[in-house]
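Written out below as structure tokens is the structure these notes cover.
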Amino acid sequence: MLSKTDVFPRRSLRLHSTVAALTFVSAFASTAMAEGFNPTAVINIGSLYEPQNLDNTAGAGQGINEAFNGNVYEGLFVLTDSGDVEPKLIDGYDISEDRLTYTFTLKEGVSFHSGDPLTAADVKSSIERVTAENSASSRKRTLAVIESVETPDDKTVVIRLNTPSISLPYNLSYVWIVNDDAGDISARADGTGPYTLQEWRRGSALAMVPFEGYWGDAPSNGGVMFQYFTDATAQNNALLTGAVDIITSVQSPDALSLFADNPDFTVSEGASTTKELLAYNDRIAPFDSVKVRSALARAVDNKKLLSAIWGDYGTLIGSFVPPTDPWFVDLTDVNAYDPDSAKEMLAEAGYPDGFSFTLDTPDYDPHPVVAQFLQNELAKVGVEVKINIITANEWYTKVYKAQDFEATLQEHVNHRDIVFYGNPNFYWGYDNPEVVKLIADSEGVSSIDAQTEMLTKANKIIAEDAASMWLYLYPQIVVSTSNVSDYPLNGLNAQFFVSNIKKAD
Amino acid sequence: MSTASTAFPRRSKRINITFWLGLVLVGGISLAGILSLFWTPYALSDMAGGRLEAPNASHWAGTDRLGRDMFTQLMIGARIALIVGCGAVGIGAAIGVTTGLLAAFATRFLDDALAAFMDILIAFPTLLVAMLVVAAREESSLGTAILALGIGVSPIIARITRILTKQVLGQDYIIAARVSGTSWGAIVFWHILPNIVPFLAVNLALQFGLAVMAEASLSYLGLGAPPPNASWGHMLHEAQGTVYTAPWGAILPGLALFALVIGINLLADGLRDRFDPSRRDM
């Protein structure tokens, strides 16, 4: 997978209307069980993503976001499960006329788990933890626009920028506010969230209990235990036997048959941001030709592929942008399935007899089976696909780092990652100056609408250029026992807010 | 085994059953594999079927996730299993018999060195040796898998060849041949090989079964021939995620693998009873 640490997203302040219209599930699952819940029950959550350590600026992996974001640590802003960016530890903020100075007023009565009150100095040191020289945070690059952080008094923070950045609040939602006295937090925690870390048993589980002194609403459960699995089957079995109450994402529709028609379990589908795609190396022939890329897109029946992999789940989007991004438009009609015209276009592009290429295929599901599907589909228009199976590590070094490939398969998990197409040095090497400019300029605009308009335009150009072959959007499926309710469904950027989860006896 | 007086009639009956049962299993699978060169119910690339269809009149063994016919894949899998088995045993025999003969004729020191080397190789499971070879080649293909398995099974063949050759070398007729001026090459060709081949054949058949199993394991681990080669191990790999919804996808290639390996073992058993003088009924 392209890990969540590679994200370079830009986030708007409020939920765009298209998101509201297209998000077909509410932010939280609610069932009839919500009434008679047990406020002291401990929720056991099954996950495949154990953090490497407990510090999100030290290469801890996506698992730390899942466990700690919004649960143990909070930011000045929060990215809610429905995709809103809302103020969290601040009462309000002002933006200067030139959009280069942000002044934040901190909330009163917030204290850390250690008992220290929240002050502006904590915020300053927290931001500096992320932007520091030795920080491994993925936020570092997006926060490079910050010129200085000032603390005129205990409750006021002033952030000065080099250039306007409309995504600053979104980017700040990733910055944990950590007590400036905490020191090394790679094996312990001191945040302001509703839970304190109770115990981390490396290799198996991470336990959290409610924080008595929490400034907001107390959690509706008596604690949470993340249990880590290395294998999806073991995780499914743990849910079947009652060892865990929830699993945060199901990886195949066939595992669902265990739970789907069973009254003991609830299967919920959230909004997904994970896209399966065939990325060409757009720098090299024949993939430097828009005509060739468009022809290949038309040769593949995505609908059949999606139903082969996911049965009745998942969505076709026709581009890299999922419905939860404000700049989503349905582009499935651009280069829709049409093998006859694919052949003609290949002939026009100078390949009447087709050509042959190597497809670097990660060795884990669904990539090998997707590769075989593409091999069969493209053979029908005379294009020969040689499947080269590689490990995730090889993918990272050969394809991502060395960019030594013709075409590859990959799933991209982040939302708002259209910006990858604005970086000509990205592994797939897509370079359209108009798109590069649109994406760069969209950060400097003054309104969300202007940003959305520019990125929508970029999205359309990228789709018409057939920059990559976007195959389908994964479904996001959460399964729980039926006595558990009110858990987040969308899991945007791997977050999993646990404070509202209720468990009936 | 019962006493000699009652063994004769029962034994011969047992030989027939195991031998013929083995022949039927191996022969049937071989026929399917050979037939797949000329005809399969569907093309391997034909994805016209539904997702995970259960076995039915048009798809005798059901379909996989992409709607490809599983019976077609089983037939092609039979061919691949046979190619792997024959290829690996061929390579294994070429290396093993040569080394074994060399060791048997060599000086005490070289013999000991070779024996120690073979013992070390035998200590590594065949699959592990094969995985090392695949890793060293840095690409997975059917040829690499065959080469890897051939190397993997060769030490056992070498050891058996050495022991058998040493036994024959001690016989009076070898000394007689030597005294009458026959060259060592002629002795190997005329006296040793004809005497050890029957026993070696039994062992090669067992190694065949081992190689087929090991190839399935390699493919299951993704180190075998790359897709779309429908090796049985690869089919098992593909089926593991859908084993609850489409169990036949795992059961059928598993059964095919079982049938070929048990068949070849029964065949080897029958052959051994026929050739082994210690078991030959006088």
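Nothing here was measured: the structure is a model prediction, and the numbers come from that model. Each chain gets a letter, A, B and so on, in the order the sequences are listed, and its residues count up from 1.
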Could you list all the salt bridge (charged side-chain N to carboxylate O under 4.0 Å, His left out) pairs where at least one residue sits in residues 78-90 of chain B, not counting sequence neighbours? none
Contacting region of A:L258 [heavy-atom separation from chain B under 4.5 Å]: side chain
If you count heavy-atom pairs within less than 4.5 Å of chain B, which of A:V370, A:I309, A:L305 leads? A:I309
Atom CE of B:M118: over 12 foreign heavy atoms under 6.0 Å: yes
Using only distance, no hydrogens or angles, which N or O donor-acceptor pairs sit under 3.5 Å between chain B and chain A?
| residue | atom | partner | partner atom | Å |
| --- | --- | --- | --- | --- |
| B:M47 | O | A:K304 | NZ | 2.7 |
| B:R51 | NE | A:S307 | O | 3.1 |
| B:R51 | NE | A:A308 | O | 2.6 |
| B:R51 | NH1 | A:D254 | OD1 | 3.4 |
| B:R51 | NH2 | A:D254 | OD2 | 3.3 |
| B:R51 | NH2 | A:A308 | O | 3.2 |
| B:R51 | NH2 | A:I309 | O | 3.3 |
| B:R65 | NH1 | A:D365 | OD2 | 3.3 |
| B:R65 | NH2 | A:D365 | OD1 | 2.8 |
| B:R68 | NH1 | A:Q372 | OE1 | 2.7 |
| B:R68 | NH2 | A:Q372 | OE1 | 2.9 |
| B:T245 | OG1 | A:D254 | OD1 | 2.9 |

Side chain to side chain contact (heavy atoms under 4.5 Å, CB included) involving B:A211 - partner list, sequence neighbours excluded: B:A88
So which residues of residues 22-39 of chain B are in contact with chain A at a heavy-atom cut-off of under 4.5 Å? none
